[in-house]
Amino acid sequence: MTRTATFRLVGPLFFVIFAAVAHGVLSPRSELYGPVLVHGDRHGDSVALTFDDGPNEPYTSQVLDILKARGVRATFFLVGINARNYPETVRRIVAEGHEIANHSFTHPYLIREGGESMLWQIDETQRTLEEISGVRPRWFRPPHGFRDPRLFPKTRRLSLDVCEWSNMPRDWTRPGTRVIVDRVLRDLQPGDIVLLHDGAGTVHGGDRSQTVEALPRILDALAARGLRPVTVTQIATGIDRSGYRQNFLNDREPADTRDCD
Ligand SMILES: [Zn+2]
């Protein structure tokens with residue numbers, strides 16, 4: 001067989017393998033490397049709002065003020081080093097009934113980290129958040145959503161499940177408040193896990209004013225559509241109850257079922 005003929009035969013195979021690996025790393029929906037929570041019950045009436053990269057003031061407190069005024073609970077995927085900088089904010093998040101979750105210690109691209117460092121990023125954040133708030137998170141979201149096969153044994157070892165998202169308005173690009181609201185609502189379905197940002201990696205004071213401004217309008221639209229904002233654990237519990245992906249939380253402790261009102 002000539003070299004060209006061999007390439008014609010093997011080339012597409014390599015492309016397919018490369019595409020599959022890339023999809024496993026990059027796509028929030030892929031479960032190639034391990035189980036990932038992407039959305040809740042599509043036939044239910046709840047939506048989970050998640051805020052990444054905080055705490056980051058003044059924006060995290062502004063988000064909390066809005067949620068408090070509406071009696072709504074959300075989930076905050078906190079960066080460990082940011083939590084060290086704003087411990088009072090972490091305690092306020094917990095005190096007001098929101099869920100805190102782990103989003104690594106310094107927000108690196110985890111797939112570029114060595115195994116030890118990857119474990120440290122997750123473990124150090126668990127320790128930090130527990131030390132500050134008394135609460136040990138049960139969900140991990142890798143920075144940028146990227147993951148590889150090395151991640152899942154580590155999250156399992158730390159009793160964490162991996163949560164990605166199903167609705168992403170790309171608010172971190174600061175496209176304008178109206179665009180953020182439109183993007184969330186355009187594709188919104190029951191069970192969605194919405195990815196928003198109160199922080200910007202590890203940047204102090206990274207501007208999240210557009211997300212803050214968008215939030216009341218998103219909450220108005222959810223209410224108008226009869227959708228109830230809940231935490232990630234609550235939306236996952238809904239899945240468990242409905243029998244959809246029953247095994248996902250099989251060996252977890254009973255979920256926090258505090259009422260959302
Ligand atoms: Zn992030």
Side-chain angles (χ1 to χ4, degrees), residues 24-30 33-34 36-39 48-64 67 74-86 89-90 93 98-113 117-126 128-129 132-133 137-148 150-152 154-155 158 160-175 180 183-184 192-212 214-215 218 231-232:
V25 171
L26 302 175
S27 166
R29 287 161 202 273
S30 171
Y33 301 132
V36 175
L37 181 72
V38 178
H39 61 77
L49 298 181
T50 65
F51 294 89
D52 280 19
D53 297 8
N56 173 47
E57 296 295 11
Y59 306 102
T60 307
S61 288
Q62 291 170 358
V63 166
L64 288 168
L67 297 175
T75 303
F76 291 79
F77 283 87
L78 303 174
V79 173
I81 197 166
N82 296 350
R84 284 234 176 112
N85 289 325
Y86 299 108
T89 309
V90 178
I93 293 170
H98 305 289
E99 179 160 29
I100 57 169
N102 184 327
H103 193 42
S104 83
F105 199 78
T106 59
H107 207 270
Y109 283 94
L110 277 189
I111 53 176
R112 289 190 199 155
E113 300 289 310
S117 165
M118 190 188 276
L119 180 64
W120 181 85
Q121 284 282 342
I122 306 167
D123 190 28
E124 188 65 14
T125 305
Q126 286 295 86
T128 300
L129 295 178
I132 291 172
S133 70
R138 58 181 298 182
W139 298 98
F140 176 71
R141 177 176 283 165
H144 316 282
F146 298 167
R147 60 216 178 272
D148 66 25
R150 300 170 305 154
L151 176 66
F152 293 90
K154 294 172 181 62
T155 48
L158 295 169
L160 284 160
D161 282 315
V162 177
C163 172
E164 298 265 351
W165 59 83
S166 55
N167 184 308
M168 180 180 74
R170 303 176 69 84
D171 64 326
W172 70 86
T173 63
R174 291 188 281 157
I180 295 172
R183 283 178 182 166
V184 170
D192 261 346
I193 296 176
V194 182
L195 171 64
L196 295 164
H197 289 78
D198 58 329
T202 56
V203 179
H204 277 274
D207 183 0
R208 290 295 173 240
S209 53
Q210 293 183 3
T211 304
V212 171
L215 182 57
I218 293 169
T231 64
V232 166

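Counting starts at 1 for both ligands and their atoms, in listed order. All values below were derived from every heavy atom in this structure, side-chain atoms included, with hydrogens, water molecules and symmetry-related copies excluded.
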| query | Taking the N/O/S atoms of His107 one by one, which is nearest to the Zn ion (ligand 1)? | reply | NE2
| Under 3.5 Å, is there a donor-acceptor pair between the side chain of Gln210 and the main chain of Asp171? | no
| Of all the atoms in His103, is at least one N, O or S atom closer to the Zn ion (ligand 1) than 2.8 Å? | yes
| task | Report the relative orientation of the aromatic rings in Phe51 and Phe76; use parallel for angles under 30°, tilted for 30 to 60°, perpendicular for over 60°. | result | parallel
| Among Asn167, Thr50, Val38, side-chain contact (heavy atoms from CB on, under 4.5 Å) partner for Ile193 | Thr50
| message | Between His103 and Asp53 (side chain of the first, backbone of the second, donor and acceptor by atom type, cut-off under 3.5 Å), is there such a pair? | response | no
| task | Kindly give the atom name of the N, O or S atom of Asp53 closest to the Zn ion (ligand 1). | result | OD1
